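Taking it in order: structure first as structure tokens, then the write-up.
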Number of protein chains: 2
Amino acid sequence: MARHLQPVEALSALAHDTRLQVFQLLVQAGTEGMTAGAIATAVDVPASTMSHHIATLERAGLAQSERESRMIHYRADYDGMRRLLSFLMEDCCQGRPEMCADLVSAMACRP
Amino acid sequence: MARHLQPVEALSALAHDTRLQVFQLLVQAGTEGMTAGAIATAVDVPASTMSHHIATLERAGLAQSERESRMIHYRADYDGMRRLLSFLMEDCCQGRPEMCADLVSAMACRP
DNA sequence: ACAATATTTCCATATTTCTCAAAATATAGG
DNA sequence: CCTATATTTTGAGAAATATGGAAATATTGT
């Protein structure tokens with residue numbers, strides 16, 4: 001049992017409205033990141049509750065933290081997200097090219 | 001609140017070891033699909049427990065069912081999965097092309 | 001050393017999810 | 001109509017997750 005530990009943890013972390021919002025915010029914030037307080041304010045959730053959620057994202061490999069004087073800056077962990085997406089795509093595509101065809105065009109990042 | 005209803009439901013459905021295994025099985029099974037019994041046997045989970053899990057996947061738009069005499073065939077809902085992946089990619093890529101670059105090569109489905 | 005600010009950890013409670021046996025439903029064949 | 005098979009629904013307890021106030025920790029400035 002427990003075959004998909006990491007992917008399940010990452011999926012689980014994103015499977016929550018508040019945490020998904022937070023992850024989006026962090027992606028938007030880019031390398032700058034956001035302080036815990038700014039995140040809590042933006043999403044309008046008490047600091048302690050938010051702290052739990054952020055910790056969950058961090059454990060799941062989807063966010064990273066760095067203390068900067070009194071504040072702690074959080075940023076999205078792109079590598080973790082990439083790992084999750086790769087897993088899902090290899091998982092869902094295995095042997096079925098027709099599946100991912102549209103996905104490529106859905107990617108807003110091509111030149 | 002509850003801003004991300006559908007994506008969260010789909011993520012939540014996949015955020016469980018058994019259900020993730022089931023989804024993979026269904027993808028592998030292709031258009032044939034698998035009966036509820038075959039799935040339960042393959043994953044070694046009691047029928048009633050499995051029924052709940054499959055229902056969760058179906059509600060989340062990741063599986064479809066079709067009765068065929070006494071058995072019920074389930075198949076992966078590729079469209080639902082594509083929707084989820086699109087959401088995640090647009091979400092994680094917004095404005096950052098460097099993020100998805102590697103993803104394209106991670107897709108095992110290119111010719 | 002103290003006060004102020006930023007954040008986390010502790011703790012208790014509330015809610016949701018998970019599990020599976022037992023009963024119910026659906027279908028097919030004799 | 002009865003029996004067997006396939007699956008779901010019901011119901012209830014166990015486990016996990018979510019929430020947030022209060023206390024603890026970390027840092028800075030005075």
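The figures here come from the full heavy-atom set of this structure, side chains too, leaving out hydrogens, waters and symmetry mates. Naming: A, B, ... by sequence-line order, numbering from 1 per chain. None of these values were measured; they are calculated from a predicted model.
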Nucleic acid footprint by protein, nucleotides 5-17 of chain C - heavy-atom cut-off 4.0 Å, B for base, S for sugar-phosphate alone = BSSBBB-------
Quick check: closest heavy atoms across [X] and [Y], and the distance to 0.1 Å?
X        : Y        : result
Ala36(A) : Tyr74(A) : CB-CE1, 4.0 Å
Ala63(B) : Asp77(B) : N-CB, 3.6 Å
Arg19(A) : Ser12(A) : NH2-O, 3.2 Å

Under a 4.5 Å cut-off applied to non-hydrogen side-chain atoms, are Val22(B) and His53(B) in contact?
->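 In short, these two side chains do not touch, never coming nearer than 4.5 Å.
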Do the non-hydrogen side-chain atoms of Phe87(A) and Gln6(A) ever get within less than 4.5 Å of each other?
->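 With C-beta onward as the side chain, the pair stays apart.
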Using side chain to side chain contact (heavy atoms under 4.5 Å, CB included) as the criterion, point out the one residue from His73(B), Arg75(B), Glu58(B) that pairs with Ser65(B).
->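 It is Glu58(B), the one option of His73(B), Arg75(B), Glu58(B) that forms the side chain to side chain contact (heavy atoms under 4.5 Å, CB included) with Ser65(B).
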Can you tell me if Arg59(A) and Thr56(A) form a side-chain donor-acceptor pair at under 3.5 Å?
->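 A pair is found: one side chain offers a donor N or O, the other an acceptor, under 3.5 Å apart.
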Could you give the start and end, 5' to 3', of the contact zone on DNA chain D for chain B, using atoms under 4.0 Å from its heavy atoms?
->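 The footprint of chain B covers dA4(D) to dG11(D).
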